[in-house]
Amino acid sequence: MMRSLYAGVSGLQNHQTRMDVIGNNISNVNTTGFKKGRVDFQDMISQQLSGASRPNEEVGGINPKEVGLGMSVAAIDTIFTQGNLQTTGVSTDIAIEGNGFFVLKNGEETFYTRAGVFGVDSNGTLVNPANGLRVQGWMAETINGTQVVQTSATPTDITIPVGQKDPPHATENVHYFCNLNKNTPEITDANDPLQVANGTWQTEFDIYDSYGNAHQLQMNFQKVVGNPNQWTVTVNVDPAAEQATDTRVGFGTTDGVTNTYTLNFDNMGTLQSITDSAGNVSNPDGEIILQASYTVADSNPDEAGNPYRQTFNLNLGTIGSMQNTITQSASASSTKANYQDGYKLGYLDNFSIGQDGTITGVYSNGSTRTIGKIAMASFVNQGGLNKEGDTMFAESINSGTANIGESGTQGKGKLLAGTLEMSNVDLTEQLTDMIVTQRGFEANSKTIITGDSMLETVLSLKR
């Protein structure tokens, strides 16, 4: 009689625990990055009234007689299914699509979270603005002039230097592509302005010196008289400058070559070589690169008293190619520089976060630069993590050690900026579980009430 009472009590207590978990799930239905809990029940030890017996020659075997003593909570699991993604438009909001956690630091303590509600503090550090914990990752380093992120290093705080200067960069490379019109007339009389105008194709665009000053690079193309597959090109950086531009084939040659060179095409209209005014011819294979030098005004002369001259490479494409190079076809001339790598002084205005966690700075001068990369963590048993509040988790002895790396590797998901992962609580499921839990609680209470009624009947026998 008493066994049923205690079994009912265990049912009441553990269904109350299940109701507590359901209530917590429902209260966090709109919590960013929240992962719902689930209660699993198991029966408790049973009291054996008689044991089992094996079959013999006269009778068969007999099963044991056991009375269960109630139930207990087997586990309260954290369910890490993917939550819905919601677009926010805030560049520092980040959602994880797939497995993995963000890594946050509070001093020497490390926490992990799926809630990517981040922002930048007054020091430019990427943090969780609700508690100030710092997002971990790797800052870019400059190695041989290139921004490199060493993801094998220990993660550190990520700092986004809004307003930081991006120093000016002198133009080092200019790429020329597109086409010269095969039907352009030859100039037989250089004194005829109409012939010169009709027979010259001119392009102009800006390049930059080491101060960040813009200089106009002007290139004039004219067909060579008597040779239908040759063009003479005149290069002028700042056409009104007192000292002319020098052009030459190859590297390491001295200045002093004039500012003209010749393009040589084959009968298919593909570029074969270039020749500078000193007769130097480009290599017969690979890319065609010409060097050009110009004087930078208002700069200090060298030790010999010569004016400071700046050199850049004119890349005209690949020999024999019709793609990404200068060609000669019977189509309108459209030769232009479509790339140059110089820029003036700029300031960090904005930044973006890619799917691989790379933070790219966008500067006011139009340049972009890698700032760093956000780290992610994964676990062998993420269900073994301890909940630490603020939608954060910490390692436990059963979660395994955090495997920290970049997104998209070793099973880690990708990052989506301007998006947040919502709670994975299904309200319909939780309300249904609430009904089932309520019925279980009520049924166990009936067990106690009925057992009490039976005890009362027994006690009344002596009256």
Side-chain angles (χ1 to χ4, degrees), residues 25 28-38 77-105 110-120 126-131 133-138 140 149 151 155 158 160 350-362 368 370-385 387-388 390-395 399-430:
N25 289 341
N28 286 284
V29 69
N30 290 316
T31 300
T32 302
F34 178 79
K35 299 303 175 185
K36 65 183 177 183
R38 181 187 66 189
D77 301 319
T78 302
I79 308 301
F80 285 94
T81 55
Q82 179 76 48
N84 293 329
L85 302 180
Q86 180 180 9
T87 301
T88 65
V90 180
S91 61
T92 53
D93 286 345
I94 312 172
I96 299 175
E97 186 176 22
N99 295 323
F101 299 84
F102 297 108
V103 183
L104 304 179
K105 277 277 191 178
T110 304
F111 299 96
Y112 309 93
T113 185
R114 296 277 299 190
V117 185
F118 301 139
V120 179
L126 190 63
V127 299
N128 180 340
N131 50 30
L133 269 64
R134 298 173 179 177
V135 181
Q136 300 297 289
W138 305 275
V149 179
T151 57
I158 294 178
I160 301 175
N350 203 352
F351 61 92
S352 61
I353 302 174
Q355 290 187 356
D356 63 348
T358 299
I359 304 173
T360 302
V362 181
T368 59
T370 299
I371 296 174
K373 180 174 283 191
I374 296 173
M376 289 184 64
S378 60
F379 297 87
V380 174
N381 174 28
Q382 59 187 7
L385 293 169
K387 292 185 176 181
E388 299 294 330
D390 293 343
T391 325
M392 296 189 304
F393 301 88
E395 288 183 18
S399 65
T401 304
N403 180 348
I404 298 178
E406 53 188 314
S407 65
T409 62
Q410 298 177 301
K412 300 177 182 65
K414 62 182 180 181
L415 303 181
L416 300 177
T419 307
L420 290 176
E421 181 186 12
M422 305 307 294
S423 170
N424 68 346
V425 173
D426 184 337
L427 197 55
T428 302
E429 176 188 42
Q430 296 302 311

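Just so you know, residue 1 is the first one in the sequence shown, and it goes up from there. As a basis for the values below, the full set of heavy atoms in this structure was taken, side chains included, without hydrogen atoms, waters or symmetry mates.
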Report summary line: Taken in chain and number order and not counting sequence neighbours, the residues that satisfy ring pair (Phe, Tyr, Trp, His ring centres under 6.0 Å) with Phe351 are none
Query raised in the report: Considering residues at least two apart in sequence or located in another chain, which fulfil the side chain to side chain contact (heavy atoms under 4.5 Å, CB included) criterion with Asn28?
Result: Asn24, Thr31, Phe34
Requested in this report: Kindly write out the residues that satisfy salt bridge (Lys or Arg N to Asp or Glu O under 4.0 Å) with Asp77, not counting sequence neighbours, or none if the list is empty.
Outcome: Arg38
Query raised in the report: Which pairs, with at least one residue in residues 416-426 and sequence neighbours excluded, count as a salt bridge (Lys or Arg N to Asp or Glu O under 4.0 Å)?
Result: Lys35-Glu421, Arg114-Glu421
Query raised in the report: ring pair (Phe, Tyr, Trp, His ring centres under 6.0 Å) with Tyr112: which residues, sequence neighbours excluded?
Result: Phe379
Query raised in the report: Would a 4.5 Å heavy-atom cut-off, applied to side chains only, mark Asn403 and Lys412 as touching?
Result: yes
**Report entry** Validation row: Leu385, Thr78 side chains within 4.5 angstrom (heavy atoms)
**Finding:** no
Query raised in the report: Considering residues at least two apart in sequence or located in another chain, which fulfil the salt bridge (Lys or Arg N to Asp or Glu O under 4.0 Å) criterion with Lys387?
Result: none
**Report entry** Side chain proximity check, Leu415 to Ile96, heavy atoms < 4.5 angstrom
**Finding:** yes
Report summary line: Residue set satisfying side chain to side chain contact (heavy atoms under 4.5 Å, CB included) with Val29, at least two apart, ordered chain then number -> Val425, Leu427
Query raised in the report: Can you tell if the side chain of Val103 reaches within under 4.5 Å of the side chain of Val135, non-hydrogen atoms only?
Result: no
Query raised in the report: Phe118: what forms a ring pair (Phe, Tyr, Trp, His ring centres under 6.0 Å) with it, not counting sequence neighbours?
Result: Phe102
Query raised in the report: Do Asp93 and Val117 have side-chain heavy atoms sitting under 4.5 Å apart?
Result: yes
Query raised in the report: Tell me, do Ile158 and Ile374 make a side-chain contact under 4.5 Å, heavy atoms counted?
Result: yes
Query raised in the report: In chain order, what residues pass the side-chain hydrogen bond (donor to acceptor under 3.5 Å, both in side chains) check against Asn350, with sequence neighbours excluded?
Result: none
Report summary line: By side-chain hydrogen bond (donor to acceptor under 3.5 Å, both in side chains), Glu429 pairs with (sequence neighbours left out) Lys36
Query - Those residues that, when tested against Ala140, pass side chain to side chain contact (heavy atoms under 4.5 Å, CB included) (two or more places apart) - result: Gln147, Val149, Thr370
Report summary line: side chain to side chain contact (heavy atoms under 4.5 Å, CB included) filter on Thr81, not counting sequence neighbours, yields Ile79, Asn424
Query raised in the report: Side chains of Ser378 and Phe101: does their closest heavy-atom pair fall under 4.5 Å?
Result: no
Report task. Check whether any side-chain heavy atom of Met392 lies under 4.5 Å from a side-chain heavy atom of Asn131, and answer yes or no. Result -> yes
